[in-house]
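Heads up: the structure comes next, in structure tokens.
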Amino acid sequence: MRAHPAFGDSLIAGLLFVMDLGTIIAASDFMSPGTMLLVGLLMVVPVVFRRKHPLGSAYVILAGGVLQLLTHGDLDTGVPVRASDFALAVALYTVVAYAGRRQGLLYAAWLALGTLVWAFWRLDAGVETVFVLFVIAVVFGFSWALGEFVGARRAYLSELEQRLRLLETERDQQARIAVGEERSRIARELHDVVAHAVSVMVVQADGAGYAIRADPELAEAAVRTIADTGRQALTELRRLLGVLRSEDGSGTQWSPQPGAGDLGELVENCRAAGLPVRLEVADDLGALPAGLGLGLYRIVQEALTNTLKHAGAGASAVVRVSRADERLTVEVADDGFGTPHDLVAVSGGNGLIGMRERAGVLGGTLESGPNPGGGWRVRAVLPLTPS
């Protein structure tokens, strides 16, 4: 488990304080240990809070450094740099990484000023002072460079996170738009199913009214036809009610839609387009409800279209349709090696979204994915009788 960042900062602060205690003990003959302890705490404790309050903690540490400079900066304690002084380098890194370059330059200027004052008071030390100044410059320079690197990385990750959120929002919007367009198209197709059923019922009702006295048997047959047609239309409405509402109001002209019996023609069209397709139908599909047959046709059509687009040259496909246990199963598989269909869907393709929506409207399920031996497979299971 990854440790919390505050734990690491507390560990650094504790380590600096423990090391600083040695300096306090060694310099106790030159000045009050209480003053040195206060300075050490003032410089070390803010390190714990540097991530939440980068500027505040940095300037509290700087205040501790100023207090140290004023109380014993001109004294030769035998230790030119205390362990707690490294908190100034941590503060410089924090300001550059979390508050930006401008604040970092201001803070570095204060550090440079304090360092020059300290060096002026220790001119008599000669070479030792020059060496310590060099070490201080190296430490502060490293802190600045590290802060620049971490700050740039933080800014990059923040921008990347914003872009990912934007892409996710756009993807969700595209998915909703695709679902809405598919539902509107299904609603237009439902017009044919309902119009056909109502037309048959009206014609049969008129015929039964004319024949009810002259030919009761014919009237009875017409009434049975009305009942059967009404049940079938009611079944279709139950499947699509609440989903099929179109608001375009464009006055689109309705045209007859294909059904399960037109799969052979669809396969022939794909063959003519250069895709070898084998059709395997285990049973007669002519008796399927019109809405179910239309959904079956559209799923096969979209799956074969994706194969034509993405399977690559030399690919072939097979369409299998079977009925068992009040379920209709359709599978479209290819052996292509072109662009993966799921990558096409992620990048904005609406084919898989439309197929899943259509299967869901019919009360079924649809799954798609790569074949173990290569290629792509789409498999849908549709109930013959809606629940």
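Sequence positions, counted from 1, serve as the residue numbers for this chain.
- No donor-acceptor distance shorter than 3.5 angstrom exists from the side chain of N306 to the backbone of A303, with no hydrogens or angles considered.
- Between S10 and V48, the shortest heavy-atom contact is OG-CG1, 3.5 Å.
- Residue S84 comes nearest to V44 through the heavy atom pair CB-CG2, 3.8 Å, listed as atom of the first residue, atom of the second, then distance.
- Within 6.0 Å of CD in E280 there are more than 12 heavy atoms belonging to other residues, nucleotides or ligands.
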| So L55 and Y98, side chain to side chain contact (heavy atoms under 4.5 Å, CB included) or not? Walk me through it. | CA-CA 9 Å; L55 284 178; Y98 290 85; over 6 Å; no
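- Taking 4.5 Å as the limit, every side-chain heavy atom of D335 sits out of range of all side-chain heavy atoms of N371.
- Between E168 and R165 no salt bridge is recorded (no basic side-chain N to carboxylate O distance below 4.0 Å).
- Taking the six-membered ring for Trp, Y107 and Y59 have ring centres closer than 6.0 Å.
- Partners of V47 under the side-chain contact (heavy atoms from CB on, under 4.5 Å) rule, at least two apart in sequence or in another chain, are I12, A13, R50, I61, A87, V90.
- Side-chain contact between V381 and L328 is absent, with no heavy atoms from C-beta onward closer than 4.5 Å.
- Comment: R298 does not engage E302 in a salt bridge, judged by the lack of any side-chain N to carboxylate O separation of less than 4.0 angstrom.
- Between R377 and V332 the shortest side-chain heavy-atom distance does not fall below 4.5 Å.
- For CD1 of I212, the number of neighbouring non-hydrogen atoms (other residues, nucleotides, ligands) closer than 6.0 Å is 12 at most.
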